[in-house]
2 protein chains.
Amino acid sequence: MGVTKSEIFSQSQNDIAQIAKVLGHPARIAILEHIAKVKTCICGDLVNEIGLAQPTISQHLKELKNIGILKGNIEGTSICYCLNNEKWEEIKIVLHQFLNIFSNTSSNCC
Amino acid sequence: MGVTKSEIFSQSQNDIAQIAKVLGHPARIAILEHIAKVKTCICGDLVNEIGLAQPTISQHLKELKNIGILKGNIEGTSICYCLNNEKWEEIKIVLHQFLNIFSNTSSNCC
DNA sequence: TTCTTTTATCGTAATATTGCAATATACAAA
DNA sequence: TTTGTATATTGCAATATTACGATAAAAGAA
């Protein structure tokens, strides 16, 4: 049905999935990588950098803002996007923790 | 259009996004967490554990198999699923690396 | 062989996502 | 005010995803 049955999963499972889902598009990866590189925040440069239309970039930025990874500050006519460090650290912790669920034991497979 | 323009992104960006996308559903997180817990591999137990129908679980397992996270071995009537350690280590490296793109500098925001 | 169990696949319905043109909004400059 | 610039929103088309019932396929048990 295209709709995820979030109710049957734990908060933690939904959280991990939500973070991963937002990172699950190359345009959003490209946006984050570019912001990481240029340090000081960007806006419509992303439209030139990445080959997508302005509304499309704007939509991806919105999703990154929605879960708190990015924050946008109005700077004159343009909007300056940059990383929300606190959220990024939180995401790192959540994902690191998840990625380590298999690490405590050696591979015992069938 | 629902279709991602993968061509305009780098291999690395597509790879990261593809991994994240597969992890972007709570059912697949739940499946991985359960396999991590029970060590030795499971099959239809997941249907009981998680509250989804058997075809739905089977579909999620397929996606996890497709990118190589899980492998399934036939064991009598049932199929035994388990982690592909090599792939998981690879995923860990890829994601760790990506999660650290912001770590080298302090926050300078607008 | 037939029955049972287990998992995969097919088909379908409902919803979500991606992408963009058109348009709206906000604000600074002339 | 009008003009230009930058970004967001709306509306839509195309495709993808999620979920499940029905069914198929595979293999052991009776």
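Whole-Å rounding puts the Asn66(A) CG to dT9(D) C1' distance at 14 Å. Gln18(A) places its CD atom 14 Å from the P atom of dA16(C), with the value rounded to the nearest Å. Rounded to whole Å, the distance from CD on Glu75(A) to C1' on dT5(D) is 15 Å. The CD1 atom of Ile31(B) sits 13 Å away from the C1' atom of dA19(D) (whole-angstrom rounding). Taking atom CG on Leu70(B) and atom P on dA8(C), their separation rounds to 11 Å, with Å as the unit. We find that CD1 of Ile79(B) is positioned 17 Å from P of dT5(C), with the value rounded to whole Å. What separates CG of Leu61(B) from P of dA19(D) is a distance of 13 Å, to the nearest Å. Taking atom CG on Asn73(A) and atom P on dC27(C), their separation rounds to 14 Å, with Å as the unit.
Contact check for Gln18(A) versus Lys21(A): no side-chain heavy atoms found under the 4.5 Å cut-off. Looking only at side-chain heavy atoms (C-beta outward), Lys65(B) and Asn84(B) stay at 4.5 Å or farther from each other.
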- Task: Please step through side-chain hydrogen bond (donor to acceptor under 3.5 Å, both in side chains) for the pair Asp15(A) and Gln11(A), ending with a clear verdict.
- Result: CA-CA 6 Å; Asp15(A) 287 349; Gln11(A) 181 74 48; 3.1 Å; yes
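Mapping Ala53(A) and Ile74(A) onto DNA chain C by nearest heavy atom places Ala53(A) at the nucleotide closer to the 5' end. Sequence order on DNA chain D of the closest nucleotides to Pro55(B) and Glu63(B) puts Glu63(B) first from the 5' end. With the nearest nucleotide of DNA chain C identified for both Lys62(B) and Gly76(A), Lys62(B) has the one nearer the 5' end.
Here CG of Asn73(A) is found 9.5 Å from CD1 of Ile79(A). Values are rounded to the nearest 0.5 Å.
Here the side chain of Thr4(B) is nearest to one of dT6(C), dG19(C), dT9(C), namely dG19(C). Here dT9(C) is the nucleotide among dA8(D), dA16(C), dT9(C) with the atom lying nearest to any side-chain atom of Ser58(B). Considering only the side chain of Lys5(B), dG19(C) comes nearest among dC20(D), dT5(C), dG19(C). Relative to the side chain of Gln59(B), the nucleotides dA8(C), dA19(D), dT17(D) differ in distance, and dA19(D) lies closest. Listed candidates were dA8(D), dC20(D), dT15(D). Nearest to the side chain of Lys65(A) is dA8(D). Of the candidate nucleotides dA8(C), dA16(D), dA19(D), dA19(D) has the atom nearest to the side chain of Leu52(B).
Of the possible polar contacts, none joining the Trp88(A) side chain to the Gly68(A) backbone as a donor-acceptor pair under 3.5 Å is found.
For dT17(C), one of the phosphate oxygens OP1 or OP2 lies less than 4.0 angstrom from a side-chain nitrogen or oxygen of Lys21(A). Taking 4.0 angstrom as the limit, His25(A) places a side-chain polar atom (N or O) nearer than this to OP1 or OP2 of dG19(C). Side-chain nitrogen and oxygen atoms of Thr77(A) include none within less than 4.0 Å of the OP1 or OP2 phosphate oxygen of dA26(C).
No N or O donor and acceptor, one from the side chain of Gln54(A) and one from the base of dA6(D), sit under 3.5 Å apart.
Summarising the local packing, CD1 of Ile74(B) is surrounded by 12 or fewer heavy atoms from other residues, nucleotides or ligands at distances under 6.0 Å.
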